[in-house]
Amino acid sequence: MEKLPTSSVLARTKSDQLVETVAAAFKSPPPGEAIAGSADGSSTLSRKSSRRMMAASPGRGSGSVGRNTHIRKSRSAQMKLDLDELSSGAALSRASSASLGFSFSFTGFTVPADDIADSKPFSDDDDNPEDLEAGTKRKPKFQTEPTLPIYLKFTDVTYKIILKGMTTTEEKDILNGITGSVHPGEVLALMGPSGSGKTTLLNLLGGRAVQANVTGSITYNDQTYSKFLKSRIGFVTQDDVLFPHLTVKETLTYAALLRLSKTLTKEQKEKRALDVIYELGLERCQDTMIGGSFVRGVSGGERKRVCIGNEIIINPSLLFLDEPTSGLDSTTALRIVQMLQDIAEAGKTVVTTIHQPSSRLFHKFDKLILLGKGSLLYFGKASEAMVYFSSIGCSPLIAMNPAEFLLDLANGNINDVSVPSELEDKVQMGNSEAADTRNGKPSPAVVHEYLVEAYETRVADEEKKKIMVPLPLDEELKLKVSISKREWGGSWWEQFSILFCRGIKERRHDYFSWLRITQVLATAVILGLLWWQSDSNNPKGLEDQAGLLFFIAVFWGFFPVFTAIFTFPQERAMLTKERAADMYRLSAYFVARTTSDLPLDLLLPVLFLVIVYFMAGLRLSADTFFLSMLIVFLCIVAAQGLGLAIGATLMDLKRATTLASVTVMTFMLAGGFFVKKVPVFISWIRYMSFNYHTYRLLLRVQFEDITPAINGLRTDCGLAGVGALVAMVFGYRLLAYLSLRRMKLQGGA
Ligand SMILES: Nc1ncnc2c1ncn2[C@@H]1O[C@H](COP(=O)(O)OP(=O)(O)OP(=O)(O)O)[C@@H](O)[C@H]1O
């Protein structure tokens, strides 16, 4: 452990170099440029600076003996890459045009069209990651345009939650005093056993947790979190939240259209999506649907890359990833981590949680945080973790993957690990709590305590002191981070039209659902046959027709409620994710989502009414027919509003369907057909029923010339009925919108 201060000083010197290099290289371009890049030399500067950062980045320079292989690899990879670039015609043409100052498009790197077609740097089937590692294949370039460098530092981060039981309230510590830092050009891995707090820490660092329960400090270029950061942070969640029916290209294009700066044109944004497809090696599956539980789509690795693409499309300064390799085979996992390294090398700050990396993966991380039960067991260079643990008496006794060794330690499992003398003494002194009765070794709790204490006494203070030192950054660079203004990617109308088109594309299969069309047509034909050419000129026929009109009012009140209920609960995960990234205004999403289904919702009743109306022999007059149609439309839109409001308020399908069935049944019973003499204290309920208003309006349109009342129900409703339905159309929607506004963004800051 005596060695550590020396290496820490070394690390300090390197991060100082890094800070100075970036501060010098990044001369605060205007806001538009941060995303847009430029066609002049500033982009070239950024590329160079990112290369310099690579050189200065801890974990890539010279270090302990244990890292030599990795260093050799990186260097030879770098040399081979350069040679490869030189020998490639495309690289030559890029180099020559770069010298003329034209090589950088707004993405920072113009890939010639031929190049896109010819090269498959990441395609799934034929690439060997070893080749990539060794540099024998051309690596894709990750967004080399200038990006606002963000230095993330966190000290003594503590997070508690309050668990409310039936009778008791309990406080649970999730994180205890976590300290660390990560700089542009570095990949920080958060490791630890399941439940150790990795995701919680990642959410806190990404500004996605309820800040009330957090103590300690988290700073970005020495500034606290601000709304501006939402547009500079990419966050890849553990679950892949994507629309299953959109293709890879559509997914990334919509993300580009919604998230990229207003200053870019539509074409530039679309091109950005194509560049990301190329960078991630997704060109072969760009027209394949994402897929989901019921639709076969792209592979797991491709899915993960699309999720990463969704975030890197904004050229984020900070990229957070929650277990990007879980569920993937080791080759694909290695490819993804290699990609993260490439992204970091382009000047971004990358933080990722990782569950059980292979040793090859482990060596690709620059920094490591090892957590155990919410406490910090190690923070420092990944390559020095083993040295640190051996300095506190814990070394593997057999050849072992370092990640496996570290996870075993974090779990308190010291089988095949040398036992520190302090712990051995405890066990030998007969302390029953200290020993594991099964093997006579120290118990996991004691090992955990020892590791926490060892880190706190030997390293923690030193690290904290280093982190407390202010960054030698431009004031302008710091101030930029603290801007609290949101930046939308487009005007309200642009957002609305993009979301409207995306909604239609995602649900296009629903529109032509033969099941739904058959259901409506079959019902219409059955009704037509049952009421075949009924005659309103005799009282029995009149009553029959009134029954038919009531059924129509109930049918078109019932269906829209139950289809609209699913709208928001089904999209909750997507909405939470997209709102956390400030992708659009909630009102634009709401209006787009509620209007994009309308065309089909209004087409089916037309078919239905045409069949029923003429088969049942209702009043043959154009006015009556079209007015009946309009009334049914109003009923549908009002009923949809109720479904949307119930879904948005409860956001839980089971509870929502239960409440909806009770409400719809009540409205139907109060609709005026089944019961005429309703007690006064409950008679008000009918005015809230869209069935009641629709039924009365339909009666009026059909029979106003025949009779002023049918079944004791007066038909002189007119404008009042229409007014009530219109009020429901807007009132229920307003309720739905307010409920969505209230909805807590999961961990939303
Ligand atoms: N809102 C919450 N309510 C109750 N417990 C919580 C809550 N959030 C986190 N926890 C608890 O905090 C601990 C850390 O959770 P977290 O998801 O951060 O762990 P993790 O290390 O990411 O686990 P995994 O690797 O399994 O995803 C767990 O014990 C979890 O149950």
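Ligands are counted one by one from 1 in listed order, and the atoms in each one are counted from 1 as well. Sequence positions, counted from 1, serve as the residue numbers for this chain.
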Original post:
Does the side chain of Arg305 come within less than 4.5 Å of Leu282's, by heavy atoms?
Top reply: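 Yes, at least one pair of side-chain atoms sits under 4.5 Å.
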Original post:
Are Val298 and Val248 side-chain neighbours, meaning at least one heavy-atom pair lies under 4.5 Å?
Top reply: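 In contact.
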Original post:
Could any protein non-hydrogen atom be found less than 4.0 Å from atom 8 (N) of ligand 1?
Top reply: no
Subject >> Pair Tyr378 and Tyr388, ring centroids less than 6.0 Å apart >> reply: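 Yes - the distance between ring centres of Tyr378 and Tyr388 falls below the 6.0 Å cut-off.
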With heavy atoms of [X] as the reference, note each atom of ligand 1 found under 4.0 Å away.
X: His355; answer: 25 (O)
X: Pro193; answer: 21 (O)
X: Glu323; answer: 25 (O), 27 (O)

Original post:
Out of curiosity, Tyr589 OH to Tyr584 OH, how far, rounded to the nearest 0.5 Å?
Top reply: 6.0 Å
Heavy atoms only: which of [options] is nearest to [atom]?
atom: atom 24 (P) of ligand 1; options: Gly372, Gly374, Ser194, Ser196; result: Ser194
atom: atom 15 (O) of ligand 1; options: Thr200, Ile161, Leu204; result: Thr200
atom: atom 12 (O) of ligand 1; options: Leu175, Asp173, Ile162, Ile174; result: Ile174
atom: atom 22 (O) of ligand 1; options: Leu163, Asp322, Thr199; result: Thr199

**OP:** Please write down residue, atom name and distance for the protein heavy atom closest to atom 25 (O) of ligand 1.
**Re:**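 So the nearest neighbour among protein heavy atoms is Lys198 NZ, 2.8 Å.
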Subject >> Top protein contact for atom 31 (O) of ligand 1, by heavy-atom distance >> reply: Lys172 NZ, 4.0 Å
Original post:
Ser181 and Lys153: which non-hydrogen atoms are nearest, and at how many Å?
Top reply: CB-CG, 4.1 Å
Original post:
Any idea which heavy atoms bring Leu340 and Pro324 closest together, and the distance?
Top reply: CD1-CG, 4.3 Å
Subject >> Intermediate values then yes/no, side-chain hydrogen bond (donor to acceptor under 3.5 Å, both in side chains), Lys348 and Asn315 >> reply: CA-CA 8 Å; Lys348 280 115 186 137; Asn315 185 25; 2.7 Å; yes
Original post:
With only distance considered, is Gly195 within less than 3.5 Å of ligand 1 through an N or O on each side?
Top reply: yes
**OP:** Determine the sole option in Ile308, Thr353, Leu190, Val351 for which the side-chain contact (heavy atoms from CB on, under 4.5 Å) test with Leu321 is passed.
**Re:**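 Output: one option passes, namely Ile308.
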